[in-house]
Structures are given as structure tokens and as C-alpha cells.
Amino acid sequence: MIKSRLVALILGCTILALFVFMSVCPKVFTPYAPKQTFELWLKPSASHILGTNDVGYDIFTEIVYGTSQTFFIGISSSLLALILGALIGVLSAQNGFIGQIFSGLINLFVMLPKLVCLIVLAAFAGNGYLNRILLIALFGWVETAREIRAKTIKIKSSSYIENCKIHGFGKIHIAVFHILPNLFDLLFARFLNGVNGSVMTESALSFLGIGDLYNPTWGTMINLAFRRGAFIRGAYNYLLMPAVCISLLVLAFYLIGLALKKEN
């Protein structure tokens, strides 16, 4: 078991490190500028590993520069959703009116059709990075809040919390020094899962045409390839490689989360 976890951790960190290096130092991987043009629909060759697209951009270069765009949206929206989920989850675990209000908010968002709401709101909000990050986070905090609520209620009912109350410790002291530290492992796991969910959601929205065409993410690349006839022209790499990159990034975070997951 320990060996398999170590293998998963090494493999996940290796894939993630490759993408991080690609996003930070794109010029190491490609000599071309992201908007540098060549002949249209060139086949893969030594000078163009994945060929070129319908406007003459090098496909591999677009993938390399799209890494940072995908990373930025995935991590930013996951962090924001984590903060929202943690705050709402803790508040919903409180006794009385406040707990009921925030528990009701969680139940409301659970029932909402996430993708449909995102498509409708994104159509009104526009395709900017900030808008997509806010929208993904707005519908990405629910699972975190539910798990935080459940664990907070469990911690609050434990004997050592009761002992703290008996010894006169206040609610703030108990929350900061006894409840919050016991939530760190769950928050970290939710962050990793949140990045996966954010990347997949952003890719789905971009594939549906809700994305920045000038600074494309991997999902936007799939949308453009599909709309501009990559399949008809046999440019399958233009369709498949962004999808492969999305799958590998999601796999990396999944393997890291699996390796660091605590046994019950």
C-alpha cells in the first residue's frame, strides 16, 4: 500500500511539475511566439511537431502557452471556491438561526443544475478570465461546504471540545486552535479535487464557445478545432492533444490526492 502510494505521488508530481515548468518557461519548449503564423494546415514535422491550424498557428505552441491560461483559471477558481466552501461550511455547522440559513443555502445550490446555470450566467457575464473564475467558484464550493459542515459538527461533538468548554475556553479559541487545525487535511484534499473540477468545468464551457479566443485554454482549442474542420482535414492531433493534456493534468492532481489521502 505504501509503495503504491509512493508511485502515485511520484507520477503525479512528475506530470504536474512538467506542466508547471511549461507554464512558467514556455520558450524552453517552443521557439515560436504564440501568434506567429506559418502555412495553413501543415502536417506534423520536425519543425512543427503537431502541425499548424487553420490560421497558421503552431499547434504545439498554442498548447504550451495554453497551459498557463488553464492553470490560472483552475487554481484561482479552486482557491476561491475553497474559501467560500470553508466559510459557509463552518457557519452552517453552527447552532440556531445562522446554521439553518447557511444549511439552506447549501441545499439550494445542491439542487441547481450547475452546467446549465453556468452557461446562462456566462452568456450574460462575458468571456473574461475574472468572470469565468468567479462563476466556476460560485458553483464549485458546495461539496467543500457539505464536507466541512459534516466534519465540523463531528469535531464539535467530540469529548476534547467538551473539555475545552468546561475549562472555560471561548468559542474563538476553540475554533482557531482546535477545530480549524483538524480541517486542514480535508481542505487540502478539497483543493486538489477543486482544481480538477475547475479545469473540467472551464474546459466544458470553453468547448461550448464560452472562452477567450485570443488567449485560448486547452478547452478553447478543442472548440476551435471542432468548429474549423480539423476532423474533416484529418488534423486529429489538433483535437486530441488538448484533451490529452487536460486528462493528464486532472490525473496528476488525482494521483497526488490519492497518495496523500488519509486512511479512515
Side-chain angles (χ1 to χ4, degrees), residues 16 19-20 22-24 26 33-35 53-55 57 61-89 91 102 105-146 148 187 190-228 238-239 242-243 245-250 252-253:
L16 183 60
F19 283 126
V20 170
M22 189 180 292
S23 65
V24 174
K35 302 303 177 185
N53 62 14
D54 60 303
V55 290
Y57 296 156
T61 300
E62 279 205 302
I63 288 176
V64 170
Y65 280 92
T67 307
S68 60
Q69 320 295 338
T70 304
F71 252 118
F72 178 71
I73 294 177
I75 292 177
S76 299
S77 54
S78 179
L79 280 173
L80 183 55
L82 185 72
I83 294 170
L84 284 172
L87 180 62
I88 295 173
L91 290 172
F102 285 98
L105 182 64
I106 293 173
N107 294 333
L108 173 63
F109 271 81
V110 166
M111 293 186 294
L112 292 176
K114 178 179 175 181
L115 186 58
V116 174
C117 291
L118 281 171
I119 293 171
V120 173
L121 291 174
F124 285 99
N127 298 340
Y129 278 113
L130 182 58
N131 291 335
R132 275 182 289 166
I133 289 170
L134 291 175
L135 287 175
I136 293 172
L138 179 62
F139 290 89
W141 58 267
V142 181
E143 287 302 318
T144 298
R146 293 178 70 186
I148 290 293
L187 289 173
R190 288 306 311 167
F191 169 72
L192 295 177
N193 290 334
V195 174
N196 280 350
S198 298
V199 169
M200 295 298 291
T201 302
E202 191 283 327
S203 299
L205 291 174
S206 295
F207 177 73
L208 293 173
I210 305 171
D212 187 349
L213 299 181
Y214 190 76
N215 296 298
T217 61
W218 293 333
T220 306
M221 288 184 65
I222 299 174
N223 170 267
L224 293 175
F226 182 78
R227 287 196 304 165
R228 295 176 178 176
Y238 192 16
L239 282 165
C245 289
I246 292 170
S247 301
L248 287 175
L249 182 59
V250 169
F253 280 104

For the backbone of [Y] and the side chain of [X], can you confirm whether one donor and one acceptor N or O come within less than 3.5 Å of each other?
| X | Y | value |
| --- | --- | --- |
| Thr144 | Gly140 | no |
| Thr67 | Val64 | yes |
| Asn53 | Tyr57 | yes |

Practice item. Check whether the side chains of Glu202 and Thr217 place a donor and an acceptor atom closer than 3.5 Å, and report yes or no. Key: yes
Review point. In terms of side-chain heavy atoms, does Ser68 have a donor or acceptor partner in Ser23 at a distance below 3.5 Å?
Key: no
What is the minimum heavy-atom distance between [X] and [Y], and which atoms define it?
| X | Y | answer |
| --- | --- | --- |
| Gln69 | Pro216 | CG-O, 3.8 Å |
| Asn223 | Leu208 | ND2-C, 4.1 Å |
| Ala81 | Trp141 | O-CB, 3.3 Å |

Exercise for review: Kindly state whether the ring of Trp218 and the ring of Phe19 have centres lying under 6.0 angstrom apart.
Suggested key: yes
Do [X] and [Y] have side chains that approach each other closer than 4.5 Å (heavy atoms only, starting at C-beta)?
| X | Y | result |
| --- | --- | --- |
| Phe139 | Leu115 | no |
| Val55 | Arg228 | yes |
| Asp212 | Thr220 | no |
| Phe124 | Val120 | yes |

**Study point:** Ring-face cation contact, Tyr214 with Lys35, 6.0 Å cut, 45° max
**Key:** yes
